[in-house]
Amino acid sequence: WEHSSLSICVLGASGDLAKKKIFPALFALYYEGLLPPNVQFYGYARTKMSDEAFREMIGGTLACRIDARERCGEAQEKFLQRCFYQAGSYDQAAGFSALSVRMASQEAVLPRANRIFFLSIPPNVFLDAAGNAADVASSRTGWTRVIVEKPFGRDAASSRELADGLSRHLSEDQIYRIDHYLGKELIENLTVLRFSNSVFEPLWSRQHIRNVQVIFSEDFGTEGRGGYFDRYGIIRDVIQNHLLQILALFAMEQPVSLDAEDIRNEKVKVLRSMKVVGPEDVVVGQYRARGKLPGYLDDDTVPKGSLTPTFAAVAMFIDNARWDGVPFLLKAGKALHRRYAEIRVQFRHVPGNLYRSKQGSNLDAHTNELVIRIQPQEAIYLKINNKVPGLGLRLDTSRLDLQYNTAYQQAALPDAYERLLLDVVQGDKRLFIRADELEAAWSLYTPLLHSLERQKVAPELYPYGSRGPVGAHYLAAKYGVRWGDLN
Ligand code: BG6
């Protein structure tokens with residue numbers, strides 16, 4: 001550690017992700033003393049900019065999660081002094097060589113030099129940039145790791161092409177495929193919840209669970225990102241990666257150990273047991289204007305008449321002994337009424353329920369439901385039936401409630417990128433996607449994506465700020481399910 005330097009370079013440094021997430025996360029790690037003493041940060045992008053201008057650009061986005069006292073301001077200054085900028089194109093070696101020379105001048109004082117490249121760049125320059133980054137890999141006995149952000153292709157074939165291309169430049173060992181949902185506190189906790197509590201694991205199967213819902217909802221549209229989004233749509237943007245990853249962690253068998261390979265072996269296994277999603281198991285939607293709020297098609301960067309879905313609900317099934325017949329419903333949408341992400345587990349009705357007559361006709365309102373709220377206001381709660389205290393016998397649904405902000409008296413939780421970047425520095429791959437995992441994920445969604453596009457399926461329109469298309473309710477109802485977020 002003290003004999004190695006670390007150079008971290010963000011390619012696409014003037015992009016949104018770099019400004020909003022990557023540099024603030026790097027600062028947080030630096031501030032907490034989690035990076036080696038000889039660490040340097042580099043921004044690389046096409047725009048010409050001086051180090052000073054770059055520092056000014058990222059300086060405005062650095063926040064102090066832990067405390068906002070003087071010390072933090074000082075740390076920001078020190079952090080910025082370690083930030084440098086190199087302009088260059090992604091597909092030409094010259095810029096990379098210049099970058100490498102600058103890195104080397106800082107690295108020279110220590111015997112070992114490690115380098116991390118974060119590829120936060122458009123897909124069309126991905127392979128060239130990876131090749132150039134590999135060419136300036138650390139030559140001084142250290143390691144070089146490359147972080148790649150989605151989109152990992154648009155379907156199984158293009159993803160395979162990308163994977164083959166990457167593997168010509170880098171070994172699997174060096175590649176860190178990020179899915180930032182895996183870095184969220186409650187997602188990391190999912191396996192802890194399951195495998196370290198004897199009250200949950202025995203219930204985790206078709207015997208007791210009626211359905212599982214993974215819900216992602218945003219209260220803003222694609223404003224400003226329409227050009228990117230239109231090429232992908234909500235299924236590729238959120239469902240095939242973030243929500244499917246959550247599902248895999250939720251449903252996998254217990255891994256042999258907490259080792260990265262053991263965990264990912266189980267994820268691949270459960271992904272491969274899932275049924276390929278068919279067109280009958282999906283509902284797609286697109287938001288339209290409401291009052292002053294613009295519709296998707298009002299975005300100038302979106303092609304006229306685009307059929308790209310900004311909402312989708314999908315029913316998935318796992319063909320194994322544990323989950324046979326249990327519907328897993330995934331729902332994601334932009335421009336909806338609220339921003340939240342959660343997992344809802346609805347348990348079976350109590351057989352021969354003694355209190356049936358006290359519970360009214362809506363059985364669903366009384367099923368036990370475990371809710372894992374990923375964001376905002378992280379929480380885990382279990383809905384149970386309880387006697388309303390007092391004379392007489394009246395039942396209602398109450399909560400066993402774990403709210404993170406009151407249970408854990410600590411400052412805000414670390415951002416997902418903080419956790420994941422630290423993992424890269426430490427070489428921990430548990431929360432990164434392995435090549436075969438990615439392939440399994442694409443194979444579940446590729447036929448559906450192709451069929452939606454080939455058949456030009458028109459998305460159901462829903463007003464900006466609503467709860468999404470009605471079709472999502474019909475899809476759930478087809479499997480006897482009611483979305484838990486409506487209760
Ligand atoms: C990204 C998607 O991966 O995740 C965005 O490309 C989405 O469309 C974002 O808004 C949501 O992330 P978070 O952490 O804000 O929920």
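Along the sequence shown, the residues carry numbers beginning at 1. Order of listing sets the numbers, starting from 1, for every ligand and every atom in it.
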**Request:** Answer yes or no for Phe229: is there a heavy-atom contact with ligand 1 below 4.0 Å?
**Result:** no
**Item:** Element-labelled atoms of ligand 1 that are located less than 4.0 Å from some non-hydrogen atom of Lys150
**Value:** 1 (C), 2 (C), 3 (O), 6 (O)
**Request:** Indicate the ring-plane relationship of Phe27 and Tyr31, choosing parallel, tilted or perpendicular according to the 30° and 60° boundaries.
**Result:** tilted
**Asked** Should you measure from each heavy atom of His242, which atoms of ligand 1 turn up under 4.0 Å away?
**Response** 1 (C), 3 (O), 4 (O)
**Side-chain donor/acceptor of Arg46 to backbone N/O of Ala87, under 3.5 Å** = no
**Asked** When the aromatic ring centroids of Phe41 and Phe79 are compared, is their separation below 6.0 Å?
**Response** yes
**Identified salt bridge (charged side-chain N to carboxylate O under 4.0 Å, His left out) counterpart of Glu261 within the set Lys267, Arg430, Arg434** = Arg434
**Asked** In terms of residue, atom name and distance, what is the protein heavy atom nearest to atom 14 (O) of ligand 1?
**Response** Lys184 NZ, 2.6 Å
**Complete:** Atoms of ligand 1 under 4.0 Å from any heavy atom of Gln375, numbered from 1 in the order shown, are 13 (P), 16 (O)
**Electrostatic pair Glu266:Arg194 at N-O distance under 4.0 angstrom** = no
**Asked** What residue and atom, counting heavy atoms only, is the protein's closest point to atom 8 (O) of ligand 1, and at what distance?
**Response** Asp237 OD2, 2.5 Å
**Complete:** If we number the atoms of ligand 1 from 1 as shown, the ones under 4.0 Å from a heavy atom of Lys334 are 5 (C), 7 (C), 8 (O), 10 (O)
**Request:** Return yes if a side-chain donor-acceptor contact under 3.5 Å exists between Tyr232 and Thr308, otherwise no.
**Result:** no
**Prompt:** Looking only at protein heavy atoms, which one is nearest to atom 7 (C) of ligand 1, and how far off is it?
**Reply:** Glu218 OE2, 3.4 Å
**Asked** Taking Tyr44 as the fixed residue, which of Phe54, Tyr85, Phe96, Phe84 is the one that meets the ring-ring contact (aromatic ring centres under 6.0 Å, His included) rule?
**Response** Phe96
**Prompt:** When you measure from atom 15 (O) of ligand 1 to every protein heavy atom, which one gives the shortest distance, and what is it?
**Reply:** Arg339 NH2, 3.2 Å
**Message:** Using the side-chain contact (heavy atoms from CB on, under 4.5 Å) definition, which of the options Val146, Val424, Leu421 pairs with Phe118?
**Reply:** Leu421
**Asked** Backbone or side chain, does any N or O of His180 fall under 3.5 Å from an N or O of ligand 1?
**Response** yes
**Complete:** The closest protein heavy-atom partner of atom 16 (O) of ligand 1 is Tyr181 OH, 2.4 Å
